[in-house]
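Keep in mind that the numbers below use all heavy atoms, side chains included, and drop hydrogens, waters and symmetry copies. First the proteins, then the strands, lettered A, B, ... as listed; each starts at 1.
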Amino acid sequence: MTALPLLAIELAWWQATAIKVGAVLTVIPIGSLILVYVFLFKMMSHMQSRLGPMEAGPHGSLQVLAEAGKFLQKEDIFPARADRAVFAMAPVVVIVSTFILYAVIPAGPDLIVEDLDVGIFFALAVSSVSVIGILMAGWSSGSKYSLLGALRATGQLIAYELPLVLAVVGVVIQAGTLSLQGIVAAQAEGEIFGFGLIGNPFIFTQFVGFVIFLVAAQAELTQTPFDMPIAESELVAGYMTEYSGFRFLFFFIAEFGTAFALAGIASTLFLGGWYVPFLPDGLLANLAGPAVLGVKIMFVAFLIFWMRFTFPRFREDQLQALAWKFLIPLSLANIAVTAVLKVVM
Amino acid sequence: MSLTAHPAPVDWQKASYVAAQAADSRINVELETEGMVLNIGPQHPATHGTLRIVVRLDGEEVVWAEPVCGYMHRGYEKLTEVRTYPQVTTLINRIDWLGHFANEVPFILGAEQLMEVEAPPRAQWIRTIFFEMARIANITLFLGDMGVQLGALTPVFYAFRDREYVLNLMEAATGGRFHPNYDRIGGLKEDLPRGWVDECHGAMRKVRDFCDQLEDLLMGNEIFQTRTRGIGVIPASVGLDYGLSGANIRASGVDWDLRRDEESPLAWKEVDFKVWTHPDGDSFARYWVRLQEVREAASIVQQLLDGLPSGPIMSKVPKIIKVPAGEVWHHTENPLGEMGYYIVSQGGLGPFRCKIRSASFNNVSILPWLLKGVYVPDVITILASLYFILGDIDR
Amino acid sequence: MSSPETPSSQEAPEEAAASEESAPEEAAAPEQADPARQALIDGLRSKLGDGFIASEIVGGDLWVRVDVSAWRTAVETAKTELGMDYFCFLSGIDWLPNPSLSGREVWDPNPNEASEPVAEGGQMQTGIAGGDTRFQVFARLYSTRAHVGITLKADLDDENPTVPSITSVYRGADWHEREAWEMYGFNFEGHPGLRHIYLPGEFEGHPLRKDFPMLAREVKPWPGLVDKEQIPGEDEPAEEEAASS
């Protein structure tokens, strides 16, 4: 895709790439800022019978910018015992992993950075790159809390990568493709008992997969009840303990940016993605698609953050037990049932 | 031969420790791991204050733990010796700063016992009401804070919200939210303001609603239960050995509550309440018992409000208070456990010696025993469930 | 006041004196009325023999003074035979008179009053169940079943206050003994590790001893003590001032 057909303009490859990079660079901070404001600031506050930020902007909506500005102004501290090069690089590695994740999420028939044939495979692969960044951060900080947090994060992310992938396999079997655009198309063309007008979002057939995906995504995002790598009451802030200023902001944006991206992937896989019924592919679909996807993302993110603000956290061994003894067998069973039904029906 | 002629008795505890170490070292030759010493505190979010716990870890398992206190030591036992009796209450308000008023009562009662003064019934009644309200203010925060320690952010805000009703009432009557300094030798500083009793009924209903809410939101949660059940089990005999008191020992099945079991001039004997115990002795049991205690406290306050006698709130005491020579030990069932003052008077204006027995000091001294072999997250669970206030440890 | 301890010879007059000055009428009357506490006294006396020095029941509470050599036995007996399952606290007392904390007599509003012990200067006055020496270690034990408590006391040597540790009886005594060691300088024999508990490791002196200087107070008296002399209604000068102005 070296062109953006919706505008009927032929662009040079470098021009198209620049636009795509620019788009992703805007989407990540905006997406995470929206999540931070809507969920972390407002929804959490109202759930906790308080108002949250109210002063900056209407209903405190500019508070996120103030916070970002605050982090940018802060001193960039390197601990005395830190491995400076690794310490400086770790947040970049984490945010780059988030950055690449956006490359394959479709927001409209043509609104996709790169429609890879192995899109979902690619997305799950690059989302694990952040583990390397987290491990780098924890090890290079020269702090025991950071190290413990990083080791916990590594163990946890590896353990939950499996159910995440296995939950997706069911969808892939049903759709018959790894391409995210293909999965959206499969849902759009699907039928529910012969009733095919609104398509068939896979949440109906793959509900178990959806739940497993959400739980595993929660763990991937290190959100409560799986936030042991951060666990502010135990490890202060886990692998982020020694970070300050814009490096901490990087971690923060990466966390919420990944939440946004994973919610987008979940919406694409299970909720029908950008597809709007009765709307032919074209300019209108390209305009409506991001809005529809955005609403679905907000719904999935709401589920994620609702869990985050309500539940206590597991212990590390209980978390591993949940992954290996419950989620993985369940997702394997889900795959088996899906495969059998696919062949039979 | 040498075994039979061994002069000293065998220290079995030590012997089993050595044997365990030897067994460990055999394994560790193959899986060589190096212990890591982790300093939890003094500035750590889990220690609500400045307690420091040094733990040696093997992976995430605690091999050895030692609490280090004293970062907040204010020397109250020395300071009481250079203050007059009425001035002492200002200090001791700050021992357990969440159970503020409850700290004053045993000291005042002890001094009254030495002076052979008794406060009028209305004063005793109001003291009891405030004592139980201090208990509510103290323990509701624990109920929410336990959630925060386990990662649930929301309950603590509910705790702060509903605690505010109690603190507002405290402020209305005493003028102080945190340090009421309301108790006087021979009575109280002031009578209750008009309309206070009705508002207090309303606040107690809110407190009960809060208990129901937390039971649903936190205590019934499966994750909460897996995190707390079977964690930090204290057998009753060990707990008593270490001097654990209050809900901590009642959660181990010891049915002992000074409000019910000891003669007291306060009005507990006038009301009907239940002392809850739990047989398990784990973190969940401690949480459960405290939750029930808040309900009981609310019920006690309401019963007392209904039967509040009229009359004076101050008995006749001299303007300059001199306590006759003697010694007295007075203890009450404070929110954190047994709190007592051993007052030695030599007829002066101030105590000659005042030993402050605070509950948290003993409650925390069990930590080296309790923390052996648990995981780091459980350290936090256990610390939170033992529920200490730093000022109550360090005095 | 710094006489070495000779238990058998000096006890009787001291005890009589102590009970006379602190609680003359209570010492006799409630002892018969309190069978539970009397049983404790009897149990300890039969077990300790010569180590049992004095006992007193005041205001419904029991004090027993034992010889320091019988300290551990007394605690052990209380736990194993008398049902004192709960360890409450352990601490110390320094019976030296309260020091005068400023150039003038801040402790006494009325220096002519003879009953003020401090005004007499350097006279030790001990409390319930008596005492011979400057230092006393005392511990409170309690039975959570019978709801009866006991305060055990033991006199310690002035120069070398040494007492057997009771950590092997009550594990909770560990921290209390560390505190008493730090605050009073008592040496607990057999304690697993007498380290500072509250004060920094390099701290010198024993703060709760009466001769430990409170420098801030010696330089400037506690303002609260000055205030109390001007309570209106009680103090003549204040009233005169109010009348004249």
For this session: Please state whether the side chain, the backbone, both or neither of A/R50 comes within less than 4.5 Å of a heavy atom of chain B.
Result: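 Just its side chain gets close to chain B.
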Can you say whether the rings of [X] and [Y] are parallel (under 30°), tilted (30 to 60°) or perpendicular (over 60°)?
| X | Y | value |
| --- | --- | --- |
| A/Y243 | A/F87 | parallel |
| B/W288 | B/W276 | perpendicular |
| A/F246 | A/F250 | perpendicular |
| A/W306 | A/F302 | parallel |

Problem set entry | Contact leader toward chain B among A/M44, A/R308, A/M47, where contacts are heavy-atom pairs under 4.5 Å |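 The option with the most such pairs is A/M47.
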For this session: For each of A/L148, A/D317, A/L151, tally heavy-atom pairs with chain B at distances under 4.5 Å, and name the one with the top tally.
Result: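 It is A/L148.
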Exercise. Is atom CZ of B/F178 surrounded by more than 12 heavy atoms (other residues, nucleotides or ligands) closer than 6.0 Å?
Worked result: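 Enclosed.
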Exercise. With a 4.5 angstrom heavy-atom cut-off, which part of B/R227 approaches chain A: side chain, backbone, both or neither?
Worked result: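 Contact with chain A involves both backbone and side-chain atoms of B/R227.
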For this session: Select one option (side chain, backbone, both, neither) describing which atoms of B/F224 are under 4.5 Å from chain A's heavy atoms.
Result: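 Contact with chain A is through both the backbone and side chain of B/F224.
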